Amino acid sequence: MTFGFVTLKLLRGILTLFLAVTFVFLILRFAGDPMRLMLPDDTPPDVLEHYRHVYGLDLPLPVQYLRYLQGLTQGEFGYSFRDQQPALDTVMSRVPATLLLGLVSFALSTIFGMVAGVIAALKRGSTVDHAVISFSIFGHSMPSFFLGILMILLFAMTWRILPSAGMGTPAHLVMPALTLAVGGAGAIARFTRSSMLEVLSQPYIRTARAKGVPVRTRVLRDAVPNAAIPVITVLGLRMGGLISGTVVVETVFAWPGIGQLLVTAVGQRDLAVVQTIVILIAFTMVTANYLVDLAYRWLDPRIATAGKDAG
Amino acid sequence: MKILSAIAGVAFGLTAVLGASAATASDRPDIVVAVPDLPPTLEPAKELSNIGTRITYDIFDTVIRRDFLSAEDGSGSQLVPALAESWEWTDDRTLALKLREGVKFHNGETMTAEDVAFTFSAERLSGPEAIMANGRGYFGNIESVEATGPLEVTFTLKVPDAIFEQRLASWTAWVVNKSDWLKNAGDSYPQFPVGTGPFMLDEYKPDQSIRLVAFDDYFGGKPKAASLTFVKVPEEAARIAGLVAGDFDIVTTIGPDQIAQIDSYDNVEARSVVLSNSHVLVYNTKNPVIADKRIRQAMNLAIDRDLLVQALWAGKTVVPLSHQYKEYGALFEPNREGLTYDPERAKELLAEAGYNGETIYYSTNPNYYVNTVPAAEAIMEMWKAVGINGKLNLVEDVMGVPENERMVRTWSNTTRFPDPAGGLWNLWGPHQGVQRKNEWTPENFNVLGAELDVTSDLAERKVVFQKMLDIWEDEAPGTILYQPLETYGVRSSLEWRPYSHFYLDLRNYNFEDQAATQ
Amino acid sequence: MTLMANMMRAGNSRRVSMACAPAGAMASRSEPLLRVDGLCVGTEHSDLVLDVSFDLAPGETLCLVGESGCGKSLTCLATMGLLSAPVKRKAGRVMFAGEELSGLSETALLRLRGREVSMIFQDATAALNPVRRVGDQVAEVLSLHEGLTSRAARDRTTELFEMVGIPDPRARLRAYPHELSGGMNQRIMIAMALACKPQLIIADEATTALDVTTQAQILKLLRRLQAETGAAMIFVTHDLGVVAEIADRVAVMYSGRIVELATADTLFDAPSHPYTRGLMACRLHAGTHNTGRLAAIEGVVPNPTARPQGCAFGPRCPQVTTTCVEMPALTAREEGHSVACHYPGDDR
């Protein structure tokens, strides 16, 4: 963890954010007039013009862009067309809901995926292994939209044991968190399994057995920490997608988070809100990448030393 | 720091929710309505979409009310007293309203003529600098509005307006509390102004739910529901599942293909209403390819609308008799031939016009109107059958296509008040989209329209209007496809009828919960 | 041939002086510590170790010699009960200190491994867990088998590190394998193997990956420690130079079988199997050292699924005759010297 490393990461992160902001700014500007979408069909043109002026949309594009960047440097993310609130407030007010859903499903998929992957690798070729592989393929190929609807039909409509939509009690969290976790758990299980198989054939596992270490300890102390290293990459990707990955599930389960806000805001060309969400998503990705690097260093002493040597 | 506060927010939210789940029981039911989206504000003149008005209609009242239930199909247009007990034209530009006494606002204040005058004031609604710029389209004709007594309001119009009372019963005409509105207006407009309606705002959770509670001082009587909660459920299947599971009492925006599914359950049912709205096509008469009106007439004659209704709407929606609706009352001509399907005549017209298979672009946003893509695809086939070479353009913004491809675009026509002035003349006249966008610039039509505006004799108005329809059909600047269907899923024990507008009215005359009264 | 063997053993007099009695004689006198009897190892479709039998007396060092793939390592792993699917023990017994290891459960074996019998692997850097500190890896054996507290285990590990000649042992406890040299890691493996003073050490190519200087140091260390602890040792190598350094007795393996079993002196003095003689010849060829392949003998070790009929060495044997299609039994040529050849010691 050297100064050079931190600076490089920071600069790279800022560059990523800047590119994301610029890209989204341009795409949104070229995708149509937000005022025509925001105002009713039969709005008189002078009213349209009035609102365009109010929001500065009548200015030349470069001026709008520079103004926006200038605002960003002062922590000013602009105002939502939809409800005139500061975009940052609107976005941040949805963060807790998404974070709750995202973190719970992240934890579920990580725990379940890793445990399943480890067991599958230990029982390679067994029924359990086949079950895990099948689940992994299922999780990978099942669109969360479809799985969500299926769950609603089963748990809410047929068995009536869970609320169909919305946020509130812990019971509300079950279906969206599971739906979100299934795909992730599948991917993590698959990665953990192959990583575990690789590790289990390594000489140091045989060494552990030769020195009389019982299976459980061997798996937990010797195999899993090594097998976890490549899995970290997958976990990092999933963590980076914590905010953006919930869009479909939030819509299906009426979960009032960032995902739903993004859908609404994109649909209505609520520029400031979309841009703020994109910055947030990019920020999450950058942060997740950074955390992955840290986790690598923590789990794999070889990388830490390499860094030390380079610094 | 943000993350920390976010986590704190989650924790706090969970605690609040768990604490609140022990709701208090009441003899009046708590009604939950699942909707695809919630409005960002409840300002009644701001949020004019279907998502906004279905809620604001229960919070606010108009001075004059349109009684939708005066017609069997929920499209009634009879005007009845509401906040105004009576009204009288002193001349053709001056209308005096006598307001009901003792009407309470949600904040406890008593409604006065000042509140009504302020609602329609130039400052808020009708003037060139109005904060609610949308209001001008409806009330731009107001020269002045004054409180001429504690309970008397007088409107003075710039020019005579035969349907001004309908306007007062319609969009942007919901009365707000002046002091509350001004206090909360600030830089912008208030998010949640105070109204006089049967329900008042209790809790607003963005993108989640809007909870209204009964306003027991409502002038129309104590509401029969203890609360009315609109819950955002974007996914249709989730709305239906929640209805069947008993989570929701009413769900809105159900596709026609789901009607049978809902009706297959015991305790819920689908209730549909044909909306005061038509899906239409607009033809750009200035585009050389379709500049010849015979080609446009052929395009119209080639469309088998009944087939569209059968195939896409399970036969439940209707094709109006041209751009006129029964709710127009005396202006409606039931003997019009309407929009006919005659492919042979279409072929003849194409031959006469010398149409040579030039590509006719048909632009639509695939996600905006229900069934827009299947309809477009069917129309492509119908056109092909008579020799029209149509090409479907799926775009985000139908006005954003290249100039030479701007030929056919999809649109919808909502009849905001039951009169051609709120329909054909409003939408296809010189002040709105088609003519403003220079797609159609008819002289005779505009002359007749101006005449319609100032003619108050019904028989004369009918003659003028029917002539306008003749021009519209002959010049074919577009066509009507059908009136879409709005379907609700409703708990069967709920006595409630949908309207031909999106308003979800739970006032006592349209609401009874059989399950609660038993 | 005799001359050659003598040349090889020159400068190795210390070992001779150390071995106070011929090891073979010692084995015959006392009850063996380890007895491998008729061991067969293989998969469902192949036989990798065939009918291997040998004894090992306490304190004795037996070298298993042969080319790569001849079954040396599998014999060791089978002895430890460390075979993993699909390879398994198909027949035979392993008796250790009067107990039949081959009949024990994995749980019972775990209690023996690392305490009574320990193993040192080839390429110590790979055989150590890359993400754990070497001190912890050694201390683990002590807490497992001797129930030491972590503090006591650490202190003992420091002593062990000192004993195996690791400089600055206390600091090295916290090192990771990749931070140490191969030789240093091999010392750590040895410390790990010796931690509980086992009666038997199995060293599988323990010095193969090391450079010559380090190799010599490690061998010296092993010999010293073996003398100090009195442990018996099976030492697997394909390097006769190493054999000469360390062995009391030698078992030469070829294609899954022991083809010659003799005391080190006998073997070097009078190698009787043509294959053994081939190995001796190779010893003199520069460049073949440590490669595990015999350039001096034409051909390669047969695939275990397609062994020739009779003597597996036949196709490569300079003395092969038609008799060799019959499998020669491992028969005693003299006391403590067995050979599996129809023409043992025949120098035609």
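Everything numeric here is computed off the predicted structure, so don't read it as measured data. What you see below is based on every heavy atom in this structure, not just the backbone, and it leaves out hydrogens, waters and symmetry mates.
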Legend entry - Parallel, tilted or perpendicular: ring planes of B:Y369 versus B:H279, cut at 30 and 60 degrees: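 The arrangement is tilted - the two ring planes meet at 30° to 60°.
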Legend entry - Which atoms of B:V231 approach chain A - backbone, side chain, both or neither, heavy atom under 4.5 Å: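 The answer is neither part of B:V231.
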Inset, instruction - Among A:T287, A:V286, A:I281, find the one that has a side-chain contact (heavy atoms from CB on, under 4.5 Å) with A:F283. - result: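 Going through A:T287, A:V286, A:I281 one by one, the side-chain contact (heavy atoms from CB on, under 4.5 Å) with A:F283 is satisfied by A:T287 alone.
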Inset, instruction - Look at A:R94, A:E250, A:Q85 and state which one has the largest set of heavy-atom pairs under 4.5 Å with chain B. - result: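 Answer, by heavy-atom pair count under 4.5 Å with chain B: A:R94.
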Inset, instruction - With a 4.5 Å cut-off on heavy-atom pairs, point out which of A:I152, A:T251, A:I149 contacts chain B the most. - result: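 Among A:I152, A:T251, A:I149, the one with the most close pairs to chain B is A:T251.
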Legend entry - Largest heavy-atom contact set with chain A, pairs under 4.5 Å, which of B:A245, B:P234, B:G246: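 The residue among B:A245, B:P234, B:G246 with the greatest pair count is B:P234.
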Legend entry - Contact leader toward chain A among B:V233, B:I240, B:V244, where contacts are heavy-atom pairs under 4.5 Å: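 When all of B:V233, B:I240, B:V244 are compared, B:V244 has the most.
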Inset, instruction - Establish, from distance only, whether the side-chain atoms of B:D247 and A:S164 form a donor-acceptor pair under 3.5 Å. - result: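 Distance-only check passes for B:D247 and A:S164.
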Inset, instruction - Verify whether one side chain among B:N413 and B:W428 offers a donor that lies under 3.5 Å from an acceptor in the other. - result: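 There is such a pair (donor and acceptor under 3.5 Å, judged by atom type) between the side chains of B:N413 and B:W428.
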Inset, instruction - Under the salt bridge (charged side-chain N to carboxylate O under 4.0 Å, His left out) rule, collect the residues that match up with B:R54, sequence neighbours excluded. - result: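 Scan of B:R54 (salt bridge (charged side-chain N to carboxylate O under 4.0 Å, His left out), adjacent residues dropped) gives none.
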Legend entry - Sequence-distant partners of B:R406, salt bridge (charged side-chain N to carboxylate O under 4.0 Å, His left out), two or more places apart: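 Counting only residues at least two positions away or on another chain, B:R406 forms a salt bridge (charged side-chain N to carboxylate O under 4.0 Å, His left out) with B:E403, B:E439.
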Given that the side chain runs from C-beta out, which part of [X] has a heavy atom under 4.5 Å from chain B: side chain, backbone, both or neither?
X      : value
A:S80  : neither
A:L261 : both
A:F145 : side chain

